[in-house]
A.B. asks: 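Right, I'll just put the structure down here and ask away after.
Protein chains get the first letters and strands the later ones, always in sequence-line order, with residue 1 at the start of each.
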Amino acid sequence: MQIELLFFGSLTDVTTVSRLIVENMTDTELVKAYLEERYPALRAAKYFMAVNQQMIQQVHTLQPGDVVAFMPPFSGG
Amino acid sequence: MKEKKIRNIFTEGAIPAQQIADDIQKHATQTQIGAHSIFLGQVRADRKDGGTVNAIEYTAYTEMALEKMAEIRETLFAKYALTCMHVFHSLGRVAVGEICLFVFVSSQHRKAAIDACEELVEAIKFQLPIWGKEILDNEDSTWKENK
């Protein structure tokens, strides 16, 4: 099962990509752990997560095709 | 539940001053309107470590931002007696002194337009997934933070 990950704002300085596809991750905690391993600087970063454009506050179960966005504090306007 | 209508708010680059005048003119036919409240955001030449801001480069999670904007719009129309509401936000590079946000709220009487406009600007700044990267005069950059 594929999950699409999106990165925005200052997080793209850490990941150097704005999009990643990962396999076999059944919840957002697994995705987070994988990313923090791959990009240690993420551990110190402040960010919010959204699944399919809905902000999440807690660990969230993932379905194939879900889109998980990693977003630093907003700074529009 | 009524389907929220998704409208685009994004425009590439700065918002030209002429557009603001044209949009005011377009409302002349809506004679039930008695008040317009307009907010304009302008890119400021902040001094940072290592330089002065020359421009801001905006990026967004556009699908989510438009979805969220539709929600904010519905909430404000339910709360205030508004006639109409228009929002334009820049994407890409906007130079110092140029307009990056144009919010235009109209109502029959002033209070609804003024209060809704203020609430809308705060919602845009804190609830829409948009990011500004400040480009300094030495070509360094720093990520903007909203206060």
A.B. asks: If you count heavy atoms of other groups shown closer than 6.0 angstrom to CD of B:Gln30, is the number above 12?
C.D. replies: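 Counting neighbours around CD of B:Gln30, more than 12 heavy atoms of other residues, nucleotides or ligands fall under 6.0 Å, so yes.
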A.B. asks: Just wondering, do A:Ser75 and B:Glu145 contact through their side chains at under 4.5 Å, heavy atoms?
C.D. replies: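 No, their side chains stay 4.5 Å or more apart.
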A.B. asks: For B:Gln25, look at atom CD and say whether over 12 heavy atoms of other residues, nucleotides or ligands are found less than 6.0 Å away.
C.D. replies: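 Counting neighbours around CD of B:Gln25, 12 or fewer heavy atoms of other residues, nucleotides or ligands fall under 6.0 Å, so no.
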A.B. asks: Any sub-3.5 Å donor-acceptor pair from B:His89's side-chain atoms to A:Gly77's backbone N or O?
C.D. replies: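 Looks like yes, one N/O pair under 3.5 Å.
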A.B. asks: Verify the neighbour count for atom NZ of B:Lys48: are there more than 12 heavy atoms of other residues, nucleotides or ligands below 6.0 Å?
C.D. replies: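 Result for NZ/B:Lys48: enclosed.
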A.B. asks: If you tally heavy-atom pairs under 4.5 Å against chain B, which of A:Asn52, A:Leu6, A:Asp13 wins?
C.D. replies: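 Most heavy-atom pairs within the cutoff with chain B belong to A:Asp13.
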A.B. asks: Assigning hydrophobic clusters by single linkage (Ile, Leu, Val, Met, Phe, Trp, Tyr; side-chain heavy-atom cutoff under 4.5 Å), is A:Val51 placed with A:Met1?
C.D. replies: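 The answer is yes; both residues are in one hydrophobic cluster.
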A.B. asks: Taking every non-hydrogen pair under 4.5 Å, which of B:Gln127, B:Lys144, B:Glu67, B:Lys133 racks up the most with chain A?
C.D. replies: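 If we count pairs closer than 4.5 Å to chain A, B:Lys144 comes out on top.
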A.B. asks: Checking B:Ala65 against chain A: side chain, backbone, both or neither under 4.5 Å from a heavy atom?
C.D. replies: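 For B:Ala65, no heavy atom lies under 4.5 Å from chain A.
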A.B. asks: B:Lys68 side chain to A:Gln54 main-chain N or O, any donor-acceptor pair under 3.5 Å?
C.D. replies: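 Pair absent, no side-chain N/O of B:Lys68 close to backbone of A:Gln54.
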A.B. asks: Can you get from A:Val17 to A:Val31 by hopping between Ile, Leu, Val, Met, Phe, Trp and Tyr side chains that sit under 4.5 Å apart?
C.D. replies: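 Same cluster.
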A.B. asks: About how many Å separate CD1 of B:Ile130 and CE of A:Met71, when rounded to the nearest 0.5 Å?
C.D. replies: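 With rounding to 0.5 Å, CE (A:Met71) is 12.0 Å from CD1 (B:Ile130).
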A.B. asks: Give a yes or no on whether B:Asp22 atom CG has more than 12 heavy-atom contacts from other residues, nucleotides or ligands under 6.0 Å away.
C.D. replies: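 Enclosed.
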A.B. asks: In this structure, are over 12 heavy atoms from other groups packed under 6.0 Å from B:Arg110 atom CZ?
C.D. replies: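 At most 12 heavy atoms, drawn from other residues, nucleotides or ligands, come within 6.0 Å of this atom.
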A.B. asks: For chain B, which candidate among A:Pro72, A:Ala50, A:Ser18 shows the most heavy-atom pairs at distances under 4.5 Å?
C.D. replies: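 Sorted descending by pairs with chain B, the first entry is A:Pro72.
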A.B. asks: So which part of B:Glu63 gets closer than 4.5 Å to some heavy atom of chain A, the side chain, the backbone, both or neither?
C.D. replies: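 Looking at B:Glu63, backbone and side chain both touch chain A.
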A.B. asks: Count the heavy atoms belonging to other residues, nucleotides or ligands that lie under 6.0 Å from CD of A:Glu37, then report whether that count exceeds 12.
C.D. replies: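 It does not: A:Glu37 CD has 12 such atoms or fewer within range.
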A.B. asks: Per the ring pair (Phe, Tyr, Trp, His ring centres under 6.0 Å) rule, which among B:Phe126, B:Trp143, B:Trp131 passes with A:Phe74?
C.D. replies: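 Among the candidates, only B:Trp131 passes.
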A.B. asks: For B:Gln42, is it the side chain, the backbone, both, or neither that has a heavy atom closer than 4.5 Å to a heavy atom of chain A?
C.D. replies: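 The answer is neither part of B:Gln42.
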